[in-house]
*Asks:* 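This is the structure, below, for whatever I ask next.
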Amino acid sequence: MKTDLLATLNEKQQQAVSSPPNHQLILAGAGSGKTRVLIHRISWLIASNEASPYSVLAVTFTNKAASEMRARMSESLQTSVAQMWIGTFHGLAHRLLRMHWQDAGLPEGFQILDSDDQLRYIKRVIKYLELDDTRWKPKQAQSFINAKKDAGLRPQHIEPGFDLFVKTQLRIYQEYENIVRQAGVVDFAEILLRTYELLRDNPVLLQHYQQRFKYILVDEFQDTNAIQYAWLKQLAGNENYLTIVGDDDQSIYGWRGAKIENIHRFTQDFPTAQVTRLEQNYRSTQNILSASNALISNNTGRLGKELWTQDADGEDIAVYEAFNEIDEAHFITAEIKKWGQLHSFSDVAILYRSNAQSRVLEESLIQANIPYRIYGGQRFFERAEIKDALAYLRLVTNGHDGAAFERVINWPTRGIGDATQNLIREHSRAAQQSLWDAARAIIEQNILSARASKALQHFLNLIADLRETVWNADTLYEQVESVIKGSGLIEQYRATDRDKMLSRLENLEELITAARTYQPEHDEGSLLNSFLAHAALEAGEEQADEHQACVQLMTLHSAKGLEFPLVFMCGLEEGLFPHQMAIAEHKHVEEERRLCYVGMTRAMKKLVLSYAQTRRFHGREAMSPPSRFIKEIPEEFLSPVRITKSKNSGGYRTVSNYLPSNPIQAALPFQLGARVRHEKFSDGTVLAFEGQGEHMRVQVNFDRYGSKWLVLAYAKLVEVNQSCFL
DNA sequence: AAGGCAAATGTTTTT
DNA sequence: CATTTGCCTT
């Protein structure tokens, strides 16, 4: 059965899987079966009694990749992998911090700050320091701080010199550290840095883990940053074996601290490492691969790799020149429609550089009645109402959590205005205490007006009451539910935004459901704490995907790791892709080129590129030349799409298609004021119509849910026959 | 203190 | 164009 592990692998893959314990660098091109090799390698080591599941540490970058690895590992080993250390950098580091919170110098129930909360703290710091926040932008300070932490640098490690910029950012960083430490919360970068320091400063602990993890395997290594690499080296020590899998040509996260150089450094730091190149591709046609190879060869400093396949050349890559973005969308839609006659819509992906491009595409797809799904966008745990509810839960768990405190002190509005809040902040800073303690002190010292004081006391009492309720509740579900109900958020949403109210309330319901079904992976700390950490670390990957066959829309970044028979890459124009911000710097253009390479290599059978002569962008019409990336692909692999003017092939090029076919308003399906019934929202009154044909939207004032705009074609409205009540 | 209106401001995304 | 932010009025 050990040899079974090799049966389905090619020679190079076998070599990587079956070599005796060693350091390995596996340069794995797109679609070359890298995750497979990783899984088989681990299984091989275990089958050879070189390793036990206990002595393996497998690290990935995203939660999605981690759960896929767990699933495939479990399948391969035919046992549960619950006890194995397979996870993301942040997930595993977090686990270590929970286990050794004392040694790490953290409070037991420390909470995790997401970027939103982090920004809140930074804004507060900038105010404290009396800096002008138009000159010293909170976002900029945030990237400065995170970049330094990602590089493993604490404020005291940074030499400010005479540069006012660095000096100021450093002051912000320093102050931010103080306030965050006081609150007992950690940001994402801190999780990694703190873990690194924990092991560095505790030789006994380090030795323990070094003795335990004999085999350390890392996926998507090109995405690791300095601190992650340092952590890996630390755990590897002198005895253990590191296997890293990566592709320098697919490094697209440089702007967020990923160090492509880590691959080069690895070969220097571990000179005995066996290097394997996986270049045989099992995904795409030869034409797609040749074109991709040609494109990426324009980059400098590559480790070098040429993808090839045993498959046929396949079709040429199609290139369509649209005259504007609407034409482009119509072309893509028409092509998808053709595809859909023989194949599934779920085979198709539309990739674009920036999220703003999705709207035109969506409109066109809706019009053509093609089901689609957009990846990315807002994630569940990042929605405002969810974050509000979580903030209450966090505050209940830890009153000193300043970000949570600020988020909900006056939400729902309860008469605690800016004046009072500023007073609390000032006091907290002066007395070096948390906002919570400061608020209490202020009430005791009687410096507030009676009204403000009462409002504030009311808030503190509310949290205290909720705390007691949570304390007395038996299950996580009851805890979450009682806090949401007690917070007053539901009433607040009901009263304010009528448009979003329904989805907000539904989301809160879903949060309660999530609490009901939540299963902690490891049993450290209280269930509520673990739930909150889960919410921060996994902001809601698993969106309930209806299993309808849908066209997939996503950015090029989120397409990494996926594959589709038919791929459209649109908006290939200078300024959009490569993006304007990247054009000035050579290094950035190369990253854009890698992004293009990633996009192209997603395609299995057919790749279609498109660009528009003019595009409406930020409200103005812009004319851009085609992307340089198109010119970098040899013409022999391309074939321009000829514009067919025949009536039934779509005719997407004709101007008349952009104009409403019938300028006279078509007959309305309902009279204004008609009573209608909706499956979900029940009964309501028709208020208005908008748009034409399949675009047509209707505004209905629902008796129970307030007024909403619905796409008529989807809303399935039925006129309520009022005569039966007469 | 809260809601409403004008002005500013626009990559990519994970944890 | 569309969304968010900040200022200004009640």
*Asks:* What is the separation between atom NZ on K139(A) and atom P on dT9(B), rounded to the nearest whole Å?
*Replies:*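 Checked: the NZ to P distance equals 12 Å.
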*Asks:* Quick one: does R353(A) reach the base of dT11(B) with a side-chain donor-acceptor pair under 3.5 Å?
*Replies:*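 Donor-acceptor pair under 3.5 Å: no.
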*Asks:* Does S115(A) contact dT15(B) through a side-chain donor or acceptor facing the base, at a distance under 3.5 Å?
*Replies:*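 Indeed there is one.
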*Asks:* So does S558(A) get a side-chain nitrogen or oxygen closer than 4.0 Å to the phosphate oxygens (OP1/OP2) of dT12(B)?
*Replies:*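 Result: no.
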*Asks:* Without decimals, in angstroms, what is the distance between K127(A) NZ and dG6(C) C1'?
*Replies:*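 Checked: the NZ to C1' distance equals 11 Å.
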*Asks:* Between R95(A) (CZ) and dT15(B) (C1'), how many Å, whole number?
*Replies:*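 Spelled out: CZ on R95(A) to C1' on dT15(B) is 17 Å.
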*Asks:* Given atom CG of D223(A) and atom P of dT12(B), what is their separation to the nearest angstrom?
*Replies:*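 So the two atoms are 18 Å apart, to the nearest Å.
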*Asks:* Side chain of E592(A), heavy atoms from C-beta onward: which of dA1(B), dT11(B), dT15(B) has the nearest atom to it?
*Replies:*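 Out of dA1(B), dT11(B), dT15(B), the nucleotide with an atom closest to E592(A)'s side chain is dT11(B).
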*Asks:* Starting at CD1 of I145(A), measure out to OH of Y173(A) and round the result to the nearest 0.5 Å.
*Replies:*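 Answer for the CD1-OH pair, I145(A) versus Y173(A), is 7.5 Å.
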*Asks:* Kindly say if N63(A) contacts the phosphate of dT15(B), meaning a side-chain N or O under 4.0 Å from OP1 or OP2.
*Replies:*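 Yes.
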*Asks:* Without decimals, in angstroms, what is the distance between M581(A) CE and dT11(B) C1'?
*Replies:*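 Computing the M581(A):CE to dT11(B):C1' distance gives 7 Å.
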*Asks:* How are the rings of Y253(A) and H557(A) set to each other: parallel, tilted or perpendicular (split at 30° and 60°)?
*Replies:*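 Taking H557(A) first and then Y253(A), their aromatic rings sit tilted (interplane angle of 30° to 60°).
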*Asks:* Below 30° counts as parallel, above 60° as perpendicular, anything between as tilted: where do the rings of H534(A) and Y518(A) land?
*Replies:*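 Because their plane-to-plane angle lies in the 30° to 60° range, the rings of H534(A) and Y518(A) count as tilted.
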*Asks:* So, is N410(A) close to the dA2(B) phosphate, meaning a side-chain N or O under 4.0 Å from OP1 or OP2?
*Replies:*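 Indeed, a polar side-chain atom of N410(A) lies that close.
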*Asks:* Rounding to a whole Å, what distance do you find between E573(A):CD and dT11(B):C1'?
*Replies:*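 Between C1' of dT11(B) and CD of E573(A): 15 Å.
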*Asks:* Has R256(A) got a side-chain N or O lying under 4.0 Å from the OP1 or OP2 atom of dT13(B)?
*Replies:*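 Negative; the distance criterion is not met.
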*Asks:* Evaluate whether the aromatic ring of Y253(A) and the six-membered ring of the dT12(B) base sit under 5.5 Å apart, centre to centre, with an inclination under 30°.
*Replies:*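 Stack criterion not met.
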*Asks:* If you check the T62(A) side chain, which of dA2(B), dT15(B), dA2(C) turns out closest?
*Replies:*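 Minimum distance to the T62(A) side chain belongs to dT15(B).
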*Asks:* For the ring pair F405(A) and F459(A), is the centre-to-centre distance below 6.0 Å?
*Replies:*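 So the answer is yes for these two rings.
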*Asks:* Would you say dT12(B) has OP1 or OP2 under 4.0 Å from some side-chain N or O of T555(A)?
*Replies:*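 No, T555(A) has no side-chain N/O under 4.0 Å of OP1/OP2 on dT12(B).
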*Asks:* Ignoring backbone atoms, establish whether N355(A) has a side-chain N or O less than 4.0 Å from OP1 or OP2 of dT13(B).
*Replies:*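 It does, given that an N or O in the side chain of N355(A) lies less than 4.0 Å from OP1 or OP2 of dT13(B).
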*Asks:* Between the side chains of E621(A) and R615(A), is the shortest nitrogen-to-carboxylate-oxygen separation below 4.0 Å, so that they form an ion pair?
*Replies:*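 Between E621(A) and R615(A) there is no salt bridge, as every charged N stays at least 4.0 Å from the carboxylate O atoms.
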